[in-house]
Amino acid sequence: WAGTESSLQDLRERLAAVTPEVYASVEAKRAACGGPGSDCTPTSRLVQRVGTTGIIHIRGALVNSDDEWWNEFIGAVGYGEIRQAVLELASDPEITSILLDISSGGGQVSGMSDAASFISRVDKEFKPVFSHTSGSMCSAAYYLGCCARSISAATLAEVGSIGVLIVQTSLNRARQELGVDDTVIRAGEYKALGIQYEPLSDKAREVLQKSCDYTYELFLQHVSRQRGVPASYAKEPMGEGRVYIGQQAADIGLVDTIATLDQALQGA
């Protein structure tokens, strides 16, 4: 998880609130709009056009899902949705620049690099992309936002939280207390290490930590390239999960300017 603890908890709570009745309601709305995979509107739900600038509103947890129906219900945004919104604006001859309006604590690691690469390519080869946050641009959200040629943040916006999180939950003891015995049989020494039906072993912890560390290093390299700083600086003082407020983020180079959304739009 490339996101803050609060963003993970919020997404978990929203997913836990999905009941069969809720599922049926969302599917009914989808069916009324033409069936699975259809879209009632010709434009992305994330897109707003203001003059010749296209705004992409990125709100909530970032997930590797293109299902805008469910994403909207659980307060999330899919990486595929973001790519589609960028493509829509990049293909619009009346749009000359793109502004990513971000308020997100981050989200899933899976999918974020593809979305970031797409944003970077559009900025370099098609139309300039800018990013702004009035709320938060943390972890995976910063991974995307730093692909823009210029980043602005509001005075009290939170920026950073560069790091990776793995939360492993073991149900083994709880299930034993309920009288349920789970036996894990594996072929392949590292198959499904850390599975929730057995206690976390030292080997599983080591493997998960190595995976987390490797992903973190790739994150730091990405920030280093996009912000034009040494990898060591991306780690200290930019990284290590630190969150900076407004001018603090500008002082160390996480953002370029302090501005309101209106000012960011005018600049774009």
Side-chain angles (χ1 to χ4, degrees), residues 1-18 58 60-67 70-71 74-80 82 102 104-117 136-147 158-176 182 184-224 226 231-232 234-244 254:
W1 182 260
T4 60
E5 181 183 355
S6 60
S7 66
L8 178 59
Q9 182 62 29
D10 179 64
L11 182 60
R12 281 184 158 186
E13 290 176 355
R14 288 175 179 269
L15 290 173
V18 177
I58 301 173
L62 304 177
V63 296
N64 193 22
S65 167
D66 297 343
D67 192 334
W70 283 108
N71 292 344
I74 63 175
V77 178
Y79 291 120
I82 295 171
I102 300 173
S104 171
Q108 291 182 312
V109 170
S110 175
M112 74 176 184
S113 61
D114 282 355
S117 296
S136 61
M137 188 190 296
C138 292
S139 207
Y142 186 76
Y143 195 101
L144 300 184
C146 71
C147 293
E158 295 182 336
V159 182
S161 190
I162 297 171
V164 182
L165 178 69
I166 294 178
V167 178
Q168 192 278 342
T169 301
S170 175
L171 302 177
N172 179 255
R173 188 169 59 182
R175 288 171 64 83
Q176 285 182 344
D182 295 300
V184 178
I185 300 173
R186 55 173 52 89
E189 182 180 2
Y190 298 96
K191 183 66 176 180
L193 287 184
I195 192 171
Q196 60 185 349
Y197 299 115
E198 62 183 3
L200 183 66
S201 66
D202 291 340
K203 180 180 292 185
R205 181 184 293 275
E206 180 184 359
V207 170
L208 292 175
Q209 186 64 60
K210 286 182 178 179
S211 176
C212 200
D213 292 342
Y214 179 74
T215 305
Y216 178 49
E217 288 301 318
L218 293 178
F219 200 152
L220 293 176
Q221 292 172 22
H222 175 76
V223 173
S224 172
Q226 296 299 326
S232 58
K235 183 175 183 179
E236 294 281 355
M238 285 181 165
E240 295 291 73
R242 298 180 182 87
V243 177
Y244 295 94
L254 283 170

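Side chains included, hydrogens not; waters and symmetry mates left out as well; all remaining heavy atoms used.
Of the possible polar contacts, one joining the Gln168 side chain to the Gly194 backbone as a donor-acceptor pair under 3.5 Å is found. Put simply, the side chain of Ser139 never gets that close to the backbone of Gly106: no donor and acceptor are under 3.5 Å apart. Although no hydrogens or angles enter the test, the distance criterion places no donor-acceptor pair under 3.5 Å between the side chain of Thr4 and the main chain of Cys138. With hydrogens and angles disregarded, a donor-acceptor distance shorter than 3.5 Å links the side chain of Ser117 to the backbone of Ser113. In terms of modelled atom types and a separation under 3.5 Å, the side chain of Asn71 and the main chain of Asp67 share a donor-acceptor contact. Not one N or O on the side chain of Tyr216 forms a donor-acceptor pair closer than 3.5 Å with the backbone of Ser211. In terms of modelled atom types and a separation under 3.5 Å, the side chain of Ser170 and the main chain of Leu200 share no donor-acceptor contact.
The CG atom of Leu220 sits 7.0 Å away from the NZ atom of Lys235 when rounded to the nearest 0.5 Å. Summarising the geometry, atom NZ belonging to Lys191 is positioned 14.5 Å from atom CD1 belonging to Ile185; distances are rounded to the nearest 0.5 Å. Atom CG of Leu144 and atom NE2 of His222 lie 7.5 Å apart (nearest 0.5 Å). Note that CE of Met137 is 12.5 Å distant from CD of Glu158, once rounded to the nearest 0.5 Å. To the nearest 0.5 Å, atoms CD1 (Ile82) and CD1 (Ile58) are separated by 4.0 Å. To the nearest 0.5 Å, atom CD1 of residue Ile74 and atom CG of residue Asp10 are 9.5 Å apart.
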Checklist entry - Could you go step by step and tell me if Glu236 and Arg242 meet the salt bridge (charged side-chain N to carboxylate O under 4.0 Å, His left out) rule? => result CA-CA 10 Å; Glu236 294 281 355; Arg242 298 180 182 87; 2.6 Å; yes

Next on the checklist: Using side chain to side chain donor-acceptor pair (under 3.5 Å), reason through Gln221 and Glu217 one step at a time and then give a plain yes or no.
Outcome noted: CA-CA 6 Å; Gln221 292 172 22; Glu217 288 301 318; 5.1 Å; no

Next on the checklist: One pair to check against side chain to side chain contact (heavy atoms under 4.5 Å, CB included): Leu193 and Leu208. What are the steps and the verdict?
Outcome noted: CA-CA 8 Å; Leu193 287 184; Leu208 292 175; over 6 Å; no

Item to check | Full working for salt bridge (charged side-chain N to carboxylate O under 4.0 Å, His left out) between Arg186 and Glu198 | outcome: CA-CA 12 Å; Arg186 55 173 52 89; Glu198 62 183 3; 2.8 Å; yes

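Heavy atoms only, all atoms of each residue included: Gly107 and Ala140 are closest at N-CB, 3.6 Å. Ala234 and Val223 get closest at one heavy-atom pair: CB-CG1, 4.2 Å. Nearest heavy atom pair, residue Ser104 against residue Ala141, reads O-CB, 3.5 Å. In terms of heavy-atom proximity, Gln108 sits nearest to Asn64 at OE1-N, 2.6 Å. Minimum heavy-atom separation, Ser7 to Gly105: OG-O, 3.6 Å. Pairing each heavy atom of Met238 with each of Tyr244, the nearest pair is O-CE1, 4.0 Å.
Looking at heavy atoms from C-beta onward, Tyr79 lies out of side-chain contact with Val63 at the 4.5 angstrom threshold. The side-chain heavy atoms of Leu254 and Tyr142, taken from C-beta on, include a pair separated by under 4.5 Å. Contact annotation: the side chain of Tyr190 approaches that of Val207 to within less than 4.5 Å [non-hydrogen atoms, C-beta and beyond]. Side-chain contact between Lys210 and Thr215 is absent, with no heavy-atom pair separated by less than 4.5 Å.
Around CZ of Arg205, the count of heavy atoms belonging to other residues, nucleotides or ligands within 6.0 Å does not exceed 12. Heavy atoms of other residues, nucleotides or ligands lying less than 6.0 angstrom from CD of Glu5 number 12 at most. Around atom CG of Asp213, more than 12 heavy atoms belonging to other residues, nucleotides or ligands sit under 6.0 Å away.
None of Val109, Ile102, Val77, Leu11 except one satisfies the side chain to side chain contact (heavy atoms under 4.5 Å, CB included) rule with Leu62; the exception is Val77.
In this pair, Phe219 and Tyr143 present their aromatic rings perpendicular. The plane angle is above 60°, beyond the 30 to 60° band.
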